Amino acid sequence: MAEISGGEAFGRALKQEGVEYVFTLNGGHIYTLYEGCEDNGIKVIDFRHEQAAAHAAEGWAKVTGKPGVAIVTAGPGVTGTITAVANAYQANSPMIVIGGNSAVRERLMSSLQEFDGVALMSSITKWSQQAQETKRIPDFVATAFRQATSGKPGPVYLEIPTDIVNGRIDEDDLVLPTGYRTEARVYPDPEYVRKIAEALKNSKHPAIVAGSDIWWSQAWDELREFVEMIDAPVFLNSMGRGSIPSDHPNLGSTGRRYALVNSDAILLIGTPVDFRLSFGRDVLFNKDATIMQMMMDAEEVGKNRHIDIGVVGDVKATLQMTMDELRAMGYRSPGREWLEEVMTEDRALKEPDQEMLNSTQTPIHPMRLMKELRDFLDYDATVVGDGGDTVTFAARVLGINRPGHWLDPGQFGCLGPGTGFAAAAQLARPGKQVCIVFGDGAFGLNGMDMETFVRFNLPVVGIVGNNGAWNQTTQGVIRRTGRAIGTWLSQETRYDQIMEGFGGYGERVEDPEQIRPALERAFGSGKAALLDVVLDQDVSYGNMGGRSRQVRQY
């Protein structure tokens, strides 16, 4: 009988799961896994830092809805993923992290890079285990995928020590599990769906906020149908962005507070009541409104504020059942008067933006940069936000038109996911525009992986908003105290030349009239590209039209 390695058993298990790419940084403890992947048609995409590789695994989930896989070596390879795994945990993103370790037979003998990764990962994953027998590798892989995708999705960790990876088994003894997870939807309690339908039937001023559960349950078609059925204003956040195209007449942005404080029925769909919704305080919520929440995770219902009606279940199924119930009740929408009121306010709140969007000043106003980017990008472009202040401007201005086409870190708010997210997006959507909006601070975390784009011929275009500061902090503390400590960078840093050194296309932009031509050259180059756009350092999102007196302290 022929023998196969643990790496081959691993590769066959991933192939059965339909994995196309694994994201990694190499190490001796895991090399046999690479051979198993390549020999089974799975492409190995290697990065310059394990954090970026793990971000790419989460990014794959964010653009495909399927778990991404990262493979990292023992010890520091595992610890290098911690921020990315914690980000995926808080964002409920399904991903599989495979970590190496020293041999089981050498446990507690101080082998090279011996480390208890299982214990470390247990607090930021849904499941964390070590495989201790070569022939059980496929079983552990199957369990990892089941754990990552069942119920509330999230990251998992599987450790495969070097003697298990390099172990040999008879091919006839290999068992590849089948039928080990289901994609069946979890339907909500019909009584609670009926309560929501009744509340909506009695509402004159309904308002909707929809978030990431829309993406994970693939409910964008149902959301759009539902919004149009009740003719309510809708506001999107996180992975919910793009579920309804930016030109839809019911979609608002700046008028969210107006809608929520004046609504008589607020429906939160797949949206936790966290800092992004002011923790549910009355400053954002009408205290007399009926507050309803549809969530995949029961733990999120009623968190931070009273919820009148909470429904738990697959959001796609919940929305369909709610619409069926409304039709059975003979529901008629309250008309467009309320919608027009909210949309009128939404447009009025955007009016002051026009001067900034068309600013001719130098250094460039960040709103002008975003306006030029908005007007240039294709309708189906994928945009990755990696930064603080610059990304907040991007979220305000850019239109996202398809689900899974806006990628940001989510609730954890970490910096550095941009290159990993963008690599995954370009691999999943070849031939489509993929753009990273970087802050110059965020670029410093994983910007080296722009070189990875060059090596793998991924024509991602990065745009660095170069304001020479960690400006989300800088301008705020200047306004409060008149000084900023430890928040300055240098606008003399030539990010474009770094990109050229990698072999990609780089260009510095200092004139607002050159933004559009530079975008055309960057995207037209067919290469990975980076535009270094010099922005007004005195402008922050909390200070869009004004200036702060800066006192530098190093």
Side-chain angles (χ1 to χ4, degrees), residues 1-24 26-46 57 66-75 77-78 94-109 111-119 121-122 125-150 155-183:
M1 292 183 289
E3 284 192 335
I4 62 171
S5 70
E8 174 66 18
F10 175 78
R12 292 187 188 184
L14 290 191
K15 181 180 180 180
Q16 179 163 285
E17 185 60 42
V19 173
E20 299 176 58
Y21 301 97
V22 294
F23 307 102
T24 189
N26 77 79
H29 292 79
I30 57 174
Y31 187 78
T32 307
L33 297 179
Y34 291 179
E35 294 177 327
C37 288
E38 287 281 353
D39 291 346
N40 283 280
I42 300 166
K43 182 69 174 175
V44 175
I45 308 294
D46 60 300
K66 302 175 182 178
V69 179
I71 304 175
V72 295
T73 198
V78 174
M95 59 183 281
I96 318 294
V97 179
I98 307 296
N101 206 343
S102 57
V104 173
R105 63 178 178 270
E106 296 173 352
R107 182 171 172 77
L108 303 182
M109 293 176 64
S111 296
L112 174 66
Q113 297 179 336
E114 180 182 349
F115 186 76
D116 190 354
V118 171
M121 288 289 196
S122 62
T125 58
K126 291 184 63 185
W127 178 86
S128 181
Q129 293 290 335
Q130 183 187 83
Q132 296 186 334
E133 188 177 8
T134 302
K135 73 177 182 179
R136 288 200 62 201
I137 287 176
D139 180 40
F140 273 90
V141 169
T143 304
F145 274 88
R146 182 169 63 249
Q147 292 285 342
T149 57
S150 299
V156 300
Y157 176 70
L158 173 59
E159 189 168 274
I160 311 180
T162 185
D163 54 347
I164 306 304
V165 169
N166 295 321
R168 311 287 296 183
I169 60 172
D170 289 330
E171 188 170 13
D172 289 347
D173 292 337
L174 180 67
V175 177
L176 292 174
T178 59
Y180 53 82
R181 64 189 181 99
T182 178
E183 296 183 358

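What you see is a predicted model, and the numbers here were worked out from it, not measured in a lab. Hydrogens, waters and symmetry mates play no part in the numbers below; they use all other heavy atoms, side chains included.
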From Glu159 atom CD to His29 atom NE2, the distance as rounded to the nearest 0.5 Å: 10.0 Å

Heavy-atom closest pair, residues Leu174 and Pro138: CD1-CG, 3.5 Å

Which atom of Phe145 lies closest to which atom of Tyr180, heavy atoms considered: CB-CE1, 4.3 Å

Exercise: identify the closest heavy-atom pair between Lys126 and Gln147: NZ-O, 2.7 Å

Side chains of Trp127 and Leu158 in contact at under 4.5 Å (non-hydrogen atoms): yes

Student check: side-chain heavy atoms of Glu133 and Ile164 closer than 4.5 Å: no

Pairs where residues 35-44 contributes a residue and the test side chain to side chain donor-acceptor pair (under 3.5 Å) is met, not counting sequence neighbours: Glu8-Asn40

Residue pair Phe140 / Ile160, side-chain heavy-atom distance below 4.5 Å: no

Lys/Arg N to Asp/Glu carboxylate O, Arg12 vs Glu171, below 4.0 Å: yes

Exam field: side chain Thr24 to backbone Ile71, donor-acceptor pair closer than 3.5 Å: yes

Partners passing side-chain hydrogen bond (donor to acceptor under 3.5 Å, both in side chains) against Gln132 (at least two apart in sequence or in another chain): Gln130

Exam field: side chain Gln16 to backbone Pro177, donor-acceptor pair closer than 3.5 Å: yes

Min side-chain heavy-atom separation Leu33-Val165 under 4.5 Å: yes

Minimum side-chain heavy-atom gap Met95-Pro67 below 4.5 Å: no

Verdict with reasoning, Tyr34 to Asp46, per side-chain contact (heavy atoms from CB on, under 4.5 Å): CA-CA 10 Å; Tyr34 291 179; Asp46 60 300; 5.6 Å; no

Main-chain N/O of Phe115 paired with Asn101 side-chain donor or acceptor, under 3.5 Å: yes

Minimum heavy-atom distance between Met121 and Thr125, given as atom pair plus value: O-OG1, 2.8 Å

Residue pair Pro94 / Thr149: nearest heavy atoms and the distance that separates them: CB-CG2, 4.4 Å

Under 3.5 Å donor-acceptor, Thr73 side chain and Asn26 backbone: no

Closest contact, heavy atoms only, Leu14 versus Cys37: CD1-SG, 4.0 Å

Nearest-0.5 Å distance that lies between atom CD1 in Ile96 and atom OH in Tyr157: 13.0 Å

Straight-line distance of Thr134 OG1 to Asp173 CG, nearest 0.5 Å: 11.5 Å

